[in-house]
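Following: one structure in structure tokens, then a few remarks.
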There are 2 protein chains.
Amino acid sequence: MYTNGRAQEPSARETVYAKLKEQILNLELAPGTALSEKESSLVLGVSRTPVRESFVRLAQEGLVQVLPQRGTFVSLIDPALVEEARFMREHLERAVVRLACAHFPDSHLHALEDNLALQLKSIEREDDRRLFELDEAYHRILFEGCGKLNTWRAIGQMNVHLNRSRMLRLVADRHWRHLYEQHETIFRAVKEGDADRAERVMQEHLLLGVRDLAHLMDKYPQYFISGGDGKP
Amino acid sequence: MYTNGRAQEPSARETVYAKLKEQILNLELAPGTALSEKESSLVLGVSRTPVRESFVRLAQEGLVQVLPQRGTFVSLIDPALVEEARFMREHLERAVVRLACAHFPDSHLHALEDNLALQLKSIEREDDRRLFELDEAYHRILFEGCGKLNTWRAIGQMNVHLNRSRMLRLVADRHWRHLYEQHETIFRAVKEGDADRAERVMQEHLLLGVRDLAHLMDKYPQYFISGGDGKP
DNA sequence: GCTACCACACTACCATACAAGTATGGTAGG
DNA sequence: CCTACCATACTTGTATGGTAGTGTGGTAGC
């Protein structure tokens with residue numbers, strides 16, 4: 001029979017992949033940074049094989065760029081990708097909140113409520129990393145409650161690029177209150193079934209993520225794709 | 001300087017990946033089929049490494065399922081994934097045709113026109129594979145003309161699941177004329193800037209892809225995920 | 001006849017060795 | 001001083017061997 005315990009330790013490839021991805025999204029590995037199979041394998045204490053396979057996965061997500069016989073680099077942030085990620089989220093999340101206003105399970109409504117409470121706590125503690133995670137979880141719950149979890153996962157691939165620019169913005173700007181208030185407003189709209197209001201606030205909410213993108217590109221030009229090319 | 005020739009032969013990994021993906025999408029490798037690094041490496045005349053790395057990529061796209069120490073299998077078609085792919089396309093393509101009606105480059109308008117002509121030819125020849133490709137290209141041109149090519153690529157990952165079910169449908173049903181007429185109508189609406197009409201037809205058009213899904217699940221139950229599980 | 005066990009064939013996972021292309025710094029020649 | 005060349009130290013790409021977990025068929029014991 002199956003060993004459905006699900007308790008097996010994760011593979012080396014999985015841990016390496018998760019570690020690298022986290023560091024890239026955190027900007028600990030800044031855009032443009034040179035990686036190397038060998039170096040990463042030494043640092044992480046595994047052989048080149050799982051590192052290499054992680055590079056393959058990250059390359060497919062557009063987070064790294066592999067240039068044969070030359071090197072592997074953390075991708076620069078592509079403003080077009082950021083804008084299109086916003087575009088996708090705008091249209092899909094507007095559709096999803098409308099669904100949510102028509103029908104949303106109580107369990108997930110409570111999950112949203114709990115999530116909002118934790119967001120407040122994180123703001124008090126000024127824990128921006130944690131707030132970032134809660135923000136992601138909040139939107140995920142919305143999709144999950146509408147039976148559209150796979151859609152959220154598909155967005156995820158584009159979303160990582162949007163998130164890198166949002167992370168860049170977090171370090172300077174503080175717009176936490178506004179973000180929380182929008183989440184709270186959307187929650188109430190869903191609860192009351194006010195689809196028009198929910199959709200409108202969601203659209204504004206997602207615009208917040210790309211505001212001042214030009215400003216960021218000015219401040220951190222080395223992190224962005226510049227002209228026609230884009231390779232370091 | 002860069003060797004920007006772009007004329008280098010593709011790597012073994014790339015060719016293996018493309019080959020396997022094509023066969024899976026064509027249903028030549030039917031859902032549920034058992035694969036193996038060793039066997040594929042023998043068939044394709046390469047070592048296990050590029051095959052393995054292709055499996056990693058395909059697994060990330062959800063086209064194969066790797067069970068450690070047990071085997072690798074072509075994924076069964078998940079109806080939920082098919083429906084959500086349609087959901088994504090519905091909302092994103094509606095938004096895109098609206099953009100197209102507001103502004104669309106002449107070059108891409110001509111590309112659509114040429115594409116439609118080729119579609120007619122394919123229908124005359126009853127070349128369904130070719131028509132399928134042209135259908136994909138048609139929608140791609142729409143996104144490209146609106147500067148949303150990355151969005152189309154992001155859809156692609158979900159779209160492969162939708163396409164497998166569409167491919168399954170093609171073998172029995174013939175709805176070519178209807179499909180063409182909708183493409184043609186959308187084209188004219190874009191040309192005339194009639195956004196409401198374009199959006200409406202696009203929505204109907206995408207519903208066509210999942211019609212009779214239940215019927216297909218009845219006819220080919222072994223290709224679909226059945227109950228709570230989904231593993232072969 | 002039925003059950004428990006065990007050897008074996010098979011899988012994917014990981015480590016390692018070799019191959020081939022690329023960037024770079026030093027050096028010889030002008 | 002400047003340029004062309006070349007050895008060398010990198011890089012990723014590919015092949016292969018060993019390891020550990022898994023399914024299966026046969027067999028011994030009841």
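All chains are named by letter (A, B, ...) in the order of the sequence lines, taking the proteins before the strands, and each is independently numbered beginning at 1.
- A distance-only check finds no donor-acceptor pair linking the side chain of Glu37(A) to the backbone of Arg48(A) [under 3.5 Å].
- Between the side chain of Asp78(B) and the main chain of Ile225(B), no donor-acceptor pair closer than 3.5 Å is present.
- Atom OH in Tyr220(A) sits 8.0 Å away from atom NE2 in His215(A) (nearest 0.5 Å).
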Output one letter per nucleotide in nucleotides 7-15 of chain D: B when a protein non-hydrogen atom lies under 4.0 Å from the base, S when only the sugar-phosphate is that close, - when neither is. ----BBBBB

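- Using cut-offs of 30° and 60° for the angle between ring planes, the His183(B) and Tyr138(B) rings count as parallel.
- Side-chain rings of His91(A) and Phe87(A) approach one another, their centers coming within less than 6.0 Å.
- Put simply, CZ on Phe73(B) is 10 Å from P on dT11(C), counting in whole angstrom units.
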